[in-house]
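Take a look at the following structure, please.
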Protein chains: 2
Amino acid sequence: MTVLEWDPYDRNCPSRQVLDRVGDRWTVLVVGALAAGPMRFSELAERVDGVSQKMLTQTLRNLERDGLVTRTMYAQIPPRVEYELTDSGTTLQLPMKALEDWTKEHMRGIMAARYEYDLHKAELPKP
Amino acid sequence: MTVLEWDPYDRNCPSRQVLDRVGDRWTVLVVGALAAGPMRFSELAERVDGVSQKMLTQTLRNLERDGLVTRTMYAQIPPRVEYELTDSGTTLQLPMKALEDWTKEHMRGIMAARYEYDLHKAELPKP
DNA sequence: TATGCTACTCTCTTTTAGTAACCATTGACC
DNA sequence: GGTCAATGGTTACTAAAAGAGAGTAGCATA
């Protein structure tokens, strides 16, 4: 099966699930954070502000399952666990960073558009 | 405020919300679909397989609010509504397509990684 | 009179995310 | 001996979001 045959627009294609995953809210941030190098669980939790332990664990497990990050446990007390992007995960960095950069570059325009939209819609309340 | 000052890793930064939005499951597919040109609501609903009317409406409203798509209503019976990417929305196409392409290119590897992961985890059931 | 078309909108149910408390392990401290 | 802290989780409960399905407007055609 070549690349051309995967179609995320088809809800039954496995690529749909994968696209859902990589386009996930926390995945983008976790992969972005790991771009800087290996990180401990607690470092990630701090860097990705607002993520709960549960969601961070879940996101990391999914990334691990998809072969995008490795999980290395050091048998110490207290325990230490490091997460690192695999080669495959590193390639994901680029599209994710592109998304992050696009967001930063278009923030002003978006905020302005929102302001205007909300202004106009406020003029048309429901009868 | 320059681009450098937006930080989506901070949960209170507005760029976080915007990144959440553009990294949204349906947004990626809707923008990808609209890349082919203007489309009617029903065409989008068909192309983006599995999206509910509710979610499609919501996604389009959000994109419209952010100034990424325009909504043109033709006063006919039955009604006709066309959605089209704005210039700003067109720039979003690139990072989204990058994500879509990455997904397609890495599908095989990911499926293989999942298979192996599930195999190993099955060997370690909870006591 | 009945039916169909389109682009929604509303209500209800199910799934998912978020919150907060708890766990195991060991050393330091009182 | 009991308590606390640190780390990387898990579990139970609740709030929010998504999905399913029916309903709506307004006119045209059968």
Side-chain angles (χ1 to χ4, degrees), chain A residues 9-12 16-30 33-34 38-65 69-84 117 121 124-127, chain B residues 10-12 16-17 19-30 33-34 38-65 69-84 117 121 124-127:
Chain A
Y9 290 93
D10 175 359
R11 80 165 112 182
N12 295 315
R16 166 68 74 89
Q17 296 168 31
V18 174
L19 188 60
D20 285 353
R21 184 68 45 78
V22 299
D24 175 71
R25 136 173 231 198
W26 298 120
T27 301
V28 178
L29 294 170
V30 167
L34 285 176
M39 272 193 171
R40 304 181 59 166
F41 184 87
S42 49
E43 288 175 315
L44 276 169
E46 195 185 4
R47 175 82 177 115
V48 182
D49 189 30
V51 70
S52 65
Q53 288 190 319
K54 179 180 137 186
M55 280 293 101
L56 183 54
T57 302
Q58 212 173 95
T59 304
L60 288 167
R61 284 287 176 289
N62 286 331
L63 287 170
E64 194 193 350
R65 185 164 105 101
V69 307
T70 54
R71 179 176 186 273
T72 314
M73 234 184 93
Y74 298 92
Q76 316 177 341
I77 297 296
R80 191 160 79 91
V81 180
E82 276 203 346
Y83 293 92
E84 186 172 11
Y117 182 94
K121 295 298 147 169
L124 309 162
K126 288 213 168 179
Chain B
D10 175 359
R11 80 165 114 183
N12 296 315
R16 166 68 74 89
Q17 294 168 34
L19 188 61
D20 284 353
R21 183 68 44 77
V22 300
D24 175 72
R25 131 175 235 199
W26 297 120
T27 301
V28 178
L29 294 169
V30 167
L34 286 175
M39 273 191 172
R40 304 181 56 167
F41 185 87
S42 49
E43 288 175 314
L44 276 169
E46 196 184 2
R47 175 80 177 118
V48 182
D49 188 31
V51 71
S52 65
Q53 290 188 321
K54 178 180 136 187
M55 279 294 99
L56 183 54
T57 303
Q58 211 172 97
T59 303
L60 287 167
R61 284 286 175 288
N62 285 331
L63 287 171
E64 195 194 350
R65 185 163 105 101
V69 307
T70 54
R71 179 176 184 275
T72 313
M73 233 185 93
Y74 297 93
Q76 316 178 340
I77 297 296
R80 191 160 78 90
V81 181
E82 277 203 344
Y83 292 93
E84 186 173 11
Y117 182 93
K121 296 296 144 167
L124 309 163
K126 287 211 167 180

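Throughout, protein chains are lettered first and strands after them, A, B, ... in sequence-line order, and every chain is numbered starting at 1.
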Practice task
Measure the spacing between CG of B/Leu34 and CG of B/Leu44 and express it to the nearest 0.5 Å.
Solution key: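 With rounding to 0.5 Å, CG (B/Leu34) is 5.0 Å from CG (B/Leu44).
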
Practice task
Report which part of the nucleic acid B/Ser42 touches: base, sugar-phosphate, or nothing (heavy-atom distance under 4.0 Å, all strands).
Solution key: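 The residue B/Ser42 makes sugar-phosphate contact but no base contact.
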
Practice task
Look at the side-chain N and O atoms of A/Arg40 and state whether any lies under 4.0 Å from the OP1 or OP2 oxygen of D/dG8.
Solution key: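 Looking at the OP1 and OP2 atoms of D/dG8, one of them is under 4.0 Å from a side-chain N or O of A/Arg40.
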
Problem - Side chain of A/Pro79 (C-beta onward), nearest among D/dT7, C/dA21, C/dA7 - result: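 Nearest nucleotide to the side chain: D/dT7.
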
Handout entry: Phosphate OP1/OP2 of C/dC8 contacted by B/Thr57 side-chain N/O (<4.0 Å)
Key =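 It does not, given that no N or O in the side chain of B/Thr57 lies less than 4.0 Å from OP1 or OP2 of C/dC8.
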
Practice task
Would you mind reading off the distance between B/Asp20 atom CG and D/dA16 atom C1', rounded to a whole angstrom?
Solution key: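 Checked: the CG to C1' distance equals 14 Å.
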
Practice task
For the side chain of A/Arg71, starting at C-beta, report the closest nucleotide among C/dC8, C/dT6, D/dG8.
Solution key: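 Selected nucleotide: D/dG8.
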
Handout entry: Check: B/Arg61 and B/Glu64 side chains under 4.5 Å, non-hydrogen atoms
Key =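 Result yes, sub-4.5 Å side-chain heavy-atom pair found.
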
Exercise for the section: Identify whether any heavy atom of B/Gln58 sits under 4.0 Å from a base atom; if not, whether one sits that close to sugar-phosphate; answer base, sugar-phosphate or nothing. Expected result: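 B/Gln58: backbone/sugar contact only, no base atoms under 4.0 Å.
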
Exercise for the section: Find the distance A/Leu56:CG to C/dT19:P and express it as a whole number of Å. Expected result: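 Interatomic distance, CG of A/Leu56 to P of C/dT19: 14 Å.
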
Handout entry: Closest approach of A/Arg11 to B/Asp49 (non-hydrogen atoms, all atoms of both residues)
Key =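 Heavy atoms only, the tightest pair is N-OD2, 2.9 Å.
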
Problem - side-chain N/O B/Arg25 vs C/dT16 OP1/OP2, d < 4.0 Å - result: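 False: B/Arg25 side-chain N/O out of range (4.0 Å or more) of C/dT16 OP1/OP2.
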
Problem - Nucleotide of C/dA17, C/dA7, D/dG26 approaching B/Ile77 most closely (side-chain heavy atoms) - result: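 Looking only at side-chain atoms, B/Ile77 lies closest to D/dG26.
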
Exercise for the section: With DNA chain C as reference, determine whether A/Pro78 or B/Tyr83 sits nearer its 5' end, using the nearest nucleotide of each. Expected result: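 Its nearest nucleotide being more 5', the pick is B/Tyr83.
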
Exercise for the section: Calculate the interatomic distance between B/Gln76 atom CD and D/dT29 atom C1'; express it in whole Å. Expected result: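 Between C1' of D/dT29 and CD of B/Gln76: 17 Å.
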
Problem - Interatomic distance where CZ belongs to B/Arg80 and P belongs to D/dC27 [whole Å] - result: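 It is 19 Å, rounded to the nearest whole Å.
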
Problem - Nucleotide of D/dA18, D/dA22, D/dG9 approaching A/Phe41 most closely (side-chain heavy atoms) - result: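 Nearest nucleotide to the side chain: D/dG9.
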
Exercise for the section: Could you check A/Arg71, A/Met39, A/Glu43, A/Arg40 and say which one makes a side-chain contact (heavy atoms from CB on, under 4.5 Å) with A/Tyr83? Expected result: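 Result for side-chain contact (heavy atoms from CB on, under 4.5 Å) with A/Tyr83: A/Arg71.
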
Practice task
Send over the distance from A/Lys54 NZ to C/dA17 C1', rounded to a whole Å.
Solution key: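 Rounded to the whole Å, the gap is 6 Å.
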
Exercise for the section: Look at all strands and tell whether A/Tyr74 reaches a base, only sugar-phosphate, or nothing, counting heavy atoms closer than 4.0 Å. Expected result: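 Contact class for A/Tyr74: none.
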
Exercise for the section: Return the nearest nucleotide to the side chain of A/Arg61; candidates are D/dG9, D/dG8, C/dC8. Expected result: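 Of all the options, the side chain of A/Arg61 is nearest to D/dG9.
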
Problem - Below 4.0 Å: OP1/OP2 of D/dA17 and any side-chain N or O of B/Trp26 - result: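 Checking B/Trp26 against D/dA17: no side-chain N or O falls below 4.0 Å of OP1 or OP2.
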
Exercise for the section: Calculate the interatomic distance between A/Met73 atom CE and D/dG9 atom P; express it in whole Å. Expected result: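 Value for this atom pair: 8 Å.
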
Problem - Spacing of A/Phe41 atom CZ and A/Glu82 atom CD [to the nearest 0.5 Å] - result: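 One finds 14.0 Å between CZ of A/Phe41 and CD of A/Glu82.
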
Problem - Separation of atom CE in B/Met55 from atom P in D/dA20, rounded to whole Å - result: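 One finds 11 Å between P of D/dA20 and CE of B/Met55, rounded.
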
Handout entry: Criterion side-chain contact (heavy atoms from CB on, under 4.5 Å) against A/Val30, the qualifying member of A/Val51, A/Asp24, A/Thr59
Key =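 The residue from A/Val51, A/Asp24, A/Thr59 that satisfies side-chain contact (heavy atoms from CB on, under 4.5 Å) with A/Val30 turns out to be A/Thr59.
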
Practice task
Check the distance between C/dG18's C1' and A/Asp49's CG and give it to me in whole angstrom.
Solution key: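 About 15 Å, once rounded to whole Å.
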
